[in-house]
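First comes the structure, then the notes that go with it.
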Amino acid sequence: MGNQPNQKLKLLYLMEIMLKKTDAQSGLAMHEVLGELAARGIDADRKSVGRDFGVLREFGLDVVFDTSTRRWRLEERPFSAEELVMLVDAVQSAPFLTEAMAVGLIKKLQGFASESQEERLLQRLDLDEYVKMNNPQVFWNIDAIQQASYEGKKVRFRYFHLDANGNRVLNHDGKIYELTPLRLVFARELYYLLAYHERYDGMTPYRVDRMVDVEVSDQPAVRNQTTATWQLKDQLRLSFGVFGDTELEPVVLEMDERLVSVARDKFGDDMDVYPAGEGKAKVYAKAPLTPQFYGWLLQMGSDVRILSPSRAVEEYKTYLTDALKPYE
């Protein structure tokens with residue numbers, strides 16, 4: 001039996017069978033395991049397969065024999081069915097992926113699923129309802145940025161915006177940007193490169209999907225006091241779409257109690273809440289006093305108002321007045 005063709009592949013085929021044909025809810029009887037091996041050109045007997053299961057357990061696969069059903073199965077998998085569903089949903093809804101990228105990633109995720117789990121994943125696939133980006137280079141852009149950071153080099157790229165017709169227009173007539181990468185962040189469902197700009201001695205954000213011709217520069221990354229001490233912390237409130245050295249300031253809001261959970265989604269645990277009577281609550285938090293912050297408040301209409309600071313009250317009044325001007 002040892003000289004038969006494909007015997008060297010027996011253990012690998014057996015692992016493949018357990019990964020695709022079994023999970024915590026379903027298993028295979030020994031004669032079914034032998035049949036699967038035979039279909040792959042492997043002649044085996046019960047004793048040898050039993051020994052092989054022992055080897056797979058030593059390797060780290062959780063192969064178990066269910067005495068109640070007399071079936072072999074893989075109890076624990078690299079990903080549970082629920083985890084795979086969440087990952088597939090995340091891939092489908094990610095706007096920074098093209099449709100082709102999303103399909104490719106989902107196929108790879110399906111490789112971690114058993115056949116019964118794969119059926120659950122297929123029921124959720126409907127890419128038509130999601131808006132996808134049109135720059136398939138984003139993966140390579142990310143790779144180049146990470147490589148530049150690893151090598152301590154600057155990153156070179158051109159940057160574009162879209163005109164009224166949706167056509168790409170290179171910024172500054174195709175000028176090459178050559179900047180020090182600080183961090184890649186995922187915010188507002190997009191990837192951004194936060195880069196140090198020597199001219200301004202500060203950080204500037206760039207959408208990774210709007211970067212083209214991205215490559216690692218020959219120039220070393222800038223190492224100075226600004227880059228050495230910079231970190232993604234209180235100066236950045238990504239949940240409000242703010243990038244840069246925007247200070248967070250203490251604010252006090254009065255809002256309908258039903259909106260407290262909405263505020264907590266924005267501020268996280270960095271806020272205090274106290275009952276204000278008549279179905280109202282006072283929220284003490286820190287926020288960037290920016291148009292993004294005021295725009296978020298506007299979504300809640302008259303159910304929220306700023307109590308302090310007075311500067312924020314006046315700026316919000318101006319924001320509301322300016323928003324009405326086109327309709328006067």
Side-chain angles (χ1 to χ4, degrees), residues 90-91 93-105 108 130-248 288 290-292 295:
V91 169
S93 60
F96 61 86
L97 297 173
T98 64
E99 184 172 341
M101 288 177 178
V103 170
L105 281 172
K108 290 180 180 180
Y130 297 103
V131 176
K132 294 297 181 182
M133 71 155 196
N134 58 2
N135 183 1
Q137 296 295 315
V138 65
F139 277 4
W140 292 271
N141 291 354
I142 290 173
D143 182 64
I145 293 167
Q146 290 178 325
Q147 187 65 29
S149 297
Y150 176 76
E151 295 181 9
K153 300 288 184 65
K154 290 183 178 180
V155 62
R156 290 166 50 92
F157 61 93
R158 290 183 173 86
Y159 200 63
F160 71 85
H161 63 276
L162 300 178
D163 64 16
N165 296 316
N167 299 316
R168 293 185 185 185
V169 179
L170 289 173
N171 288 19
H172 306 297
D173 297 321
K175 165 193 170 183
I176 294 178
Y177 295 72
E178 196 162 17
L179 305 173
T180 296
L182 296 175
R183 181 78 70 85
L184 271 170
V185 298
F186 182 70
R188 293 179 286 173
E189 299 185 323
L190 293 166
Y191 271 105
Y192 291 83
L193 165 65
L194 307 185
Y196 172 71
H197 206 300
E198 294 173 73
R199 179 178 178 182
Y200 309 113
D201 189 32
M203 187 274 295
T204 305
Y206 298 90
R207 275 179 54 170
V208 174
D209 61 301
R210 291 192 176 175
M211 298 167 62
V212 293
D213 302 326
V214 183
E215 61 183 10
V216 179
S217 170
D218 293 331
Q219 298 297 314
V222 173
R223 292 291 177 259
N224 58 21
Q225 182 67 20
T226 302
T227 60
T229 59
W230 185 89
Q231 54 183 315
L232 191 66
K233 55 176 186 177
D234 289 344
Q235 290 180 326
L236 296 175
R237 177 59 69 175
L238 301 183
S239 61
F240 285 108
V242 175
F243 295 99
D245 299 330
T246 303
E247 294 292 340
L248 301 182
T290 61
Q292 289 91 343

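- The 12-atom threshold is not exceeded at CG of Asp173, counting heavy atoms of other residues, nucleotides or ligands nearer than 6.0 Å.
- To the nearest 0.5 angstrom, Ile142 atom CD1 is 10.0 Å from Met211 atom CE.
- In this structure the side chain of His172 never reaches within 4.5 angstrom of the side chain of Tyr159, judged on heavy atoms.
- Proximity of Tyr191 to Ile145: side-chain heavy atoms (C-beta onward) are nowhere separated by under 4.5 Å.
- Annotation: side chain of Phe160 is in contact with side chain of Leu170 (closest heavy-atom distance under 4.5 Å).
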Apply side-chain contact (heavy atoms from CB on, under 4.5 Å) to Leu162 and Arg168, showing your working. CA-CA 5 Å; Leu162 300 178; Arg168 293 185 185 185; 4.1 Å; yes
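- Listed by chain and residue number, Arg158 satisfy the salt bridge (Lys or Arg N to Asp or Glu O under 4.0 Å) test with Asp213 (two or more places apart in sequence, or in another chain).
- In this structure, Leu194 CG and Leu184 CG are separated by 8.0 Å, a value rounded to the nearest 0.5 Å.
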Applying side-chain contact (heavy atoms from CB on, under 4.5 Å), run through Val212 and Gln137 and close with a yes or a no. CA-CA 8 Å; Val212 293; Gln137 296 295 315; over 6 Å; no
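- When only modelled atom types and interatomic distance are considered, Tyr196 and Asn224 share a side-chain donor-acceptor pair under 3.5 Å.
- What you find for Val216 and Ala148 is that their closest heavy atoms are CG2-N, 3.8 Å.
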Test side-chain contact (heavy atoms from CB on, under 4.5 Å) on Thr180 and Gln219 and set out the steps. CA-CA 9 Å; Thr180 296; Gln219 298 297 314; over 6 Å; no
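- One finds the CZ atom of Arg207 at 12.5 Å from the NE2 atom of His161 (value rounded to the nearest 0.5 Å).
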Would Thr226 and Met203 satisfy side-chain contact (heavy atoms from CB on, under 4.5 Å), going step by step from the backbone distance to the final call? CA-CA 9 Å; Thr226 302; Met203 187 274 295; over 6 Å; no
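- Every side-chain contact (heavy atoms from CB on, under 4.5 Å) that Ala195 has, sequence neighbours left out, goes to Leu179, Leu193, Tyr206.
- Counting heavy atoms of neighbouring residues, nucleotides and ligands inside a 6.0 Å radius, atom NZ of Lys175 exceeds 12 of them.
- Here the CZ-CG distance, from Phe157 to Asn171, works out to 9.5 Å after rounding to the nearest 0.5 Å.
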